[in-house]
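Counting starts at 1 for both ligands and their atoms, following the listed order.
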Amino acid sequence: MCVFCKIVSGEAAARIVFQDEDVLAFHDVNPQAPTHVLVIPRRHVVSLADTEDGDTELLGKLMQCARRVAEMLDLVKSGYRVVINNGAGAGQSVFHLHVHVIGGRRMRWPPG
Ligand code: AMP
């Protein structure tokens with residue numbers, strides 16, 4: 001079972017920010033900014049590239065959860081970044097789809 005599935009099942013600990021029947025949001029264990037939260041589907045999906053046309057609702061829920069997390073953690077006024085790393089070449093290291101919500105510091109562009 002992948003590490004994020006273990007968080008979903010409760011087998012692994014996480015600092016959960018929000019959860020409902022489809023998605024889960026928790027603090028990243030190795031934060032890249034003062035606030036760094038991951039939003040994941042409860043269902044195991046490897047990556048964005050592994051989603052299908054029928055996953056529109058799930059993808060929408062991930063984005064709605066990212067927005068909600070940003071509101072809950074007071075990132076809206078200062079701005080925040082939403083990132084999906086797709087594939088090892090783009091920096092994906094956990095192969096369970098996740099959306100990074102990063103904020104609390106000035107962001108640079110382009111990302112490294
Ligand atoms: P990515 O590199 O886009 O696949 O992002 C994976 C993220 O998961 C990294 O930022 C890791 O710090 C984070 N991570 C890995 N294991 C855990 C864990 N058990 N709890 C919280 N975050 C984790």
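Using a 4.5 Å heavy-atom cutoff, the side chains of Val17 and Met72 are in contact. Here the side chains of Arg67 and Glu71 are in contact, with some heavy-atom distance below 4.5 Å. Between Tyr80 and Val101 the shortest side-chain heavy-atom distance falls below 4.5 Å. A 4.5 Å side-chain heavy-atom check between Ile84 and Leu97 finds at least one atom pair inside the cut-off.
Distance from atom 2 (O) of ligand 1 to its nearest protein heavy atom, with residue and atom name: Gly91 O, 2.7 Å. With hydrogens left out, the protein atom closest to atom 21 (C) of ligand 1 is Val29 N, 3.3 Å, a heavy atom. Scanning the protein for heavy atoms near atom 9 (C) of ligand 1, the closest one is Asp28 OD2, 3.3 Å. Considering only non-hydrogen protein atoms, atom 5 (O) of ligand 1 sits nearest to His98 NE2, 2.9 Å. Nearest to atom 4 (O) of ligand 1 among the protein's heavy atoms is Ser93 N, 2.6 Å.
Not close to ligand 1: Lys6, with no non-hydrogen atom less than 4.0 angstrom away. Between His27 and ligand 1 there is a heavy-atom distance shorter than 4.0 Å. Residue-ligand proximity: Phe95 is placed with every non-hydrogen atom at 4.0 Å or more from ligand 1. Note on ligand 1: Ala14 sits outside its first shell, no heavy atom being nearer than 4.0 Å.
The atoms of ligand 1 that sit less than 4.0 Å from any heavy atom of Val3 are 19 (N). For ligand 1 and Phe4, the ligand atoms under 4.0 Å from any heavy atom of the residue are 8 (O), 17 (C), 23 (C). Residue Asn30 has at least one heavy-atom neighbour below 4.0 Å for each of these atoms of ligand 1: 12 (O).
The side-chain contact (heavy atoms from CB on, under 4.5 Å) test with Val45 is passed by exactly one of Leu62, Thr51, Leu59: Thr51. If you run side-chain contact (heavy atoms from CB on, under 4.5 Å) between Val99 and each of Leu38, Val69, Val82, only Val82 comes through.
For His98 and His96, the ring centers sit 6.0 Å or farther from each other. Aromatic rings of His36 and His27 (six-membered ring for Trp) have centroids beyond the 6.0 Å cut-off, not under it.
Linking Ile, Leu, Val, Met, Phe, Trp and Tyr whenever their side-chain heavy atoms come within less than 4.5 Å leaves Ile40 and Phe18 in two separate clusters.
Salt-bridge check for Asp55 with Arg43: passed, with a basic side-chain N closer than 4.0 Å to an acidic carboxylate O.
Looking at Val83 against ligand 1, nothing comes within 4.0 Å, counting heavy atoms.
The shortest N/O to N/O separation between His36 and ligand 1 does not fall below 3.5 Å. Between Val94 and ligand 1, at least one pair of N/O atoms sits closer than 3.5 Å.
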